[in-house]
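All remarks here apply to the structure that follows.
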Amino acid sequence: MIRAGVIGLIIVLGQVLAPMVHAKPQLLASIKPLALIAQEVAGDRAVVDTLLPIAASPHDYPLKMSDHRRLRDADLIIWVGPELESFLARALANIPADKQLPSYTLPNLHWPESPVSDGHNHAHHQHVGGDPHLWLDPRNAGVIAQVLVQKLTQLDPSSAQSYQANAARFIASIEQLDQQLSLQLAPVKTRGFAVYHEGYSHFVGRYELHQVGYVTYTPERRPGAKHLKELQDVLKKEGKCLFVEPYYQTDSMKAIVQSLGLRLGMLDPIGGQQVSSYKELLENLGNSFLTCLTDVAH
Ligand SMILES: [Zn+2]
């Protein structure tokens, strides 16, 4: 009898405690930059996880069975939208819309003023709409943070004040970051460069940098010989630097850089393992541009 009573008590306690243990909202961000923004708002009042491994391309990723389970288990999934993570569209069709936060369609986002010139005035392929790498404009990180406050508050109303305070602090810090980047990058505004894939227009547009071309539109598409020839022509005329990315083959880029006497830079729009905050991600990008585009003193 006593034992049954103890077991009964444990069961009752378990039932009482279980909801408390699981009370923290579980957020799942598709890619690291969105997770970093979510972490700022969540603080310790929600668990933030990232779906994609660091080295995976957000443009094209084969979802595993365990990924589908993580998507089902999350209270809120934060992603850009089918414009970027096209591989998620089908998986998310089975998940209620109120458990999703696609950021591409948020009102108040900032978009680059005009499409980045690819150096020979071609219209931009079959892509419709804007560059989906929208987190590369810090003001957009603020827009996402504000919507996250609403979403998180619905999931955990008792933490509303905490989410609001976190978001306010984050938005103030990225306003400062935005000003800092404007000042830092002003001296190199006229220096021409090309990027590896066409994913930087939010950053390039915000800081009025002089991008003259790209190697490939998306990382999955191999550039044609004609395009590479045109790229080399424009870089020869007004290029200082060619930026590659950490996870893509760069041997042919190194050859272009050598033959044209350019500098080779590195841009990481996702942020590697060591990047621990949104601010750091953007500071690293800013430093990469600055280092590659600044003239070396003789
Ligand atoms: Zn991309």
Side-chain angles (χ1 to χ4, degrees), residues 55-60 83-84 111-134 136-137 181 184-272 282 284-298:
S57 168
H59 294 271
D60 183 24
E83 294 81 3
L84 183 75
W111 296 94
E113 291 285 307
S114 59
V116 173
S117 162
D118 61 2
H120 39 99
N121 300 320
H122 282 172
H124 268 167
H125 315 279
Q126 79 274 33
H127 280 251
V128 183
D131 178 348
H133 307 71
L134 49 86
L136 295 181
D137 183 331
L181 287 169
Q184 277 181 331
L185 294 168
V188 297
K189 267 185 190 178
T190 56
R191 309 281 162 80
F193 62 87
V195 294
Y196 183 69
H197 93 292
E198 179 59 332
Y200 301 89
S201 68
H202 283 272
F203 195 92
V204 167
R206 177 60 182 154
Y207 303 110
E208 302 174 310
L209 304 177
H210 186 42
Q211 182 180 326
V212 299
Y214 53 80
V215 175
T216 181
Y217 197 84
T218 75
E220 288 66 44
R221 205 178 304 170
R222 274 170 166 272
K226 185 167 171 280
H227 175 79
L228 284 181
K229 173 73 175 67
E230 287 170 339
L231 178 66
Q232 289 186 64
D233 288 346
V234 70
L235 278 172
K236 200 172 187 174
K237 264 192 289 181
E238 47 181 334
K240 289 266 180 202
C241 183
L242 175 63
F243 290 101
V244 293
E245 293 175 13
Y247 307 111
Y248 298 105
Q249 185 265 335
T250 56
D251 284 352
S252 57
M253 302 306 108
K254 282 178 185 152
I256 294 177
V257 161
Q258 265 184 350
S259 73
L260 297 178
L262 303 173
R263 287 207 202 139
L264 186 68
M266 172 77 78
L267 294 174
D268 186 351
I270 302 295
L282 261 73
N284 285 354
L285 270 185
N287 284 332
S288 295
F289 278 110
L290 202 56
T291 307
C292 207
L293 297 173
T294 303
D295 277 331
V296 182
H298 290 288

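Nothing fancy with the numbering, it's 1 onward along the sequence.
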Of all the heavy-atom pairs spanning [X] and [Y], show the shortest one and how long it is.
X      : Y      : answer
His210 : Thr190 : CD2-O, 3.5 Å
Gly265 : Cys241 : N-SG, 3.9 Å
Leu282 : Phe203 : O-CE1, 4.2 Å
Leu136 : Pro269 : CD2-O, 4.1 Å
Gly199 : Asp131 : C-OD2, 3.3 Å
Lys240 : Leu293 : CB-CD2, 4.2 Å

Pair Tyr207 + Phe289: ring centers closer than 6.0 Å: no
With Arg191 via side-chain hydrogen bond (donor to acceptor under 3.5 Å, both in side chains) - residues at least two apart: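 Listed in chain order: nothing, the list is empty.
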For Lys237, side-chain hydrogen bond (donor to acceptor under 3.5 Å, both in side chains) partners two or more places apart: none
Would you say [X]'s side chain and [Y]'s backbone share a donor-acceptor pair under 3.5 angstrom?
X      : Y      : result
His227 : Tyr214 : yes
Ser259 : Ile256 : yes
Arg206 : Asp137 : no

Roughly how far apart are [X] [atom1] and [Y] [atom2], rounded to 0.5 Å?
X      : Y      : atom1 : atom2 : answer
Thr218 : Glu198 : OG1   : CD    : 11.0 Å
Asn287 : Cys292 : CG    : SG    : 12.5 Å
Leu264 : Met253 : CG    : CE    : 10.0 Å
Met266 : Asn284 : CE    : CG    : 12.0 Å
Tyr200 : Gln211 : OH    : CD    : 9.5 Å
Leu84  : Asp60  : CG    : CG    : 11.0 Å

Whether Phe243 and Phe193 hold their rings parallel, tilted or perpendicular, with breakpoints at 30° and 60°: perpendicular
Parallel, tilted or perpendicular: rings of Trp111 and His202 (30°, 60°):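 Correct class here is tilted.
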Check: Lys254 and Val257 side chains under 4.5 Å, non-hydrogen atoms: no
Audit row: Arg221, His59, side chain to side chain contact (heavy atoms under 4.5 Å, CB included) steps and yes/no: CA-CA 11 Å; Arg221 205 178 304 170; His59 294 271; over 6 Å; no
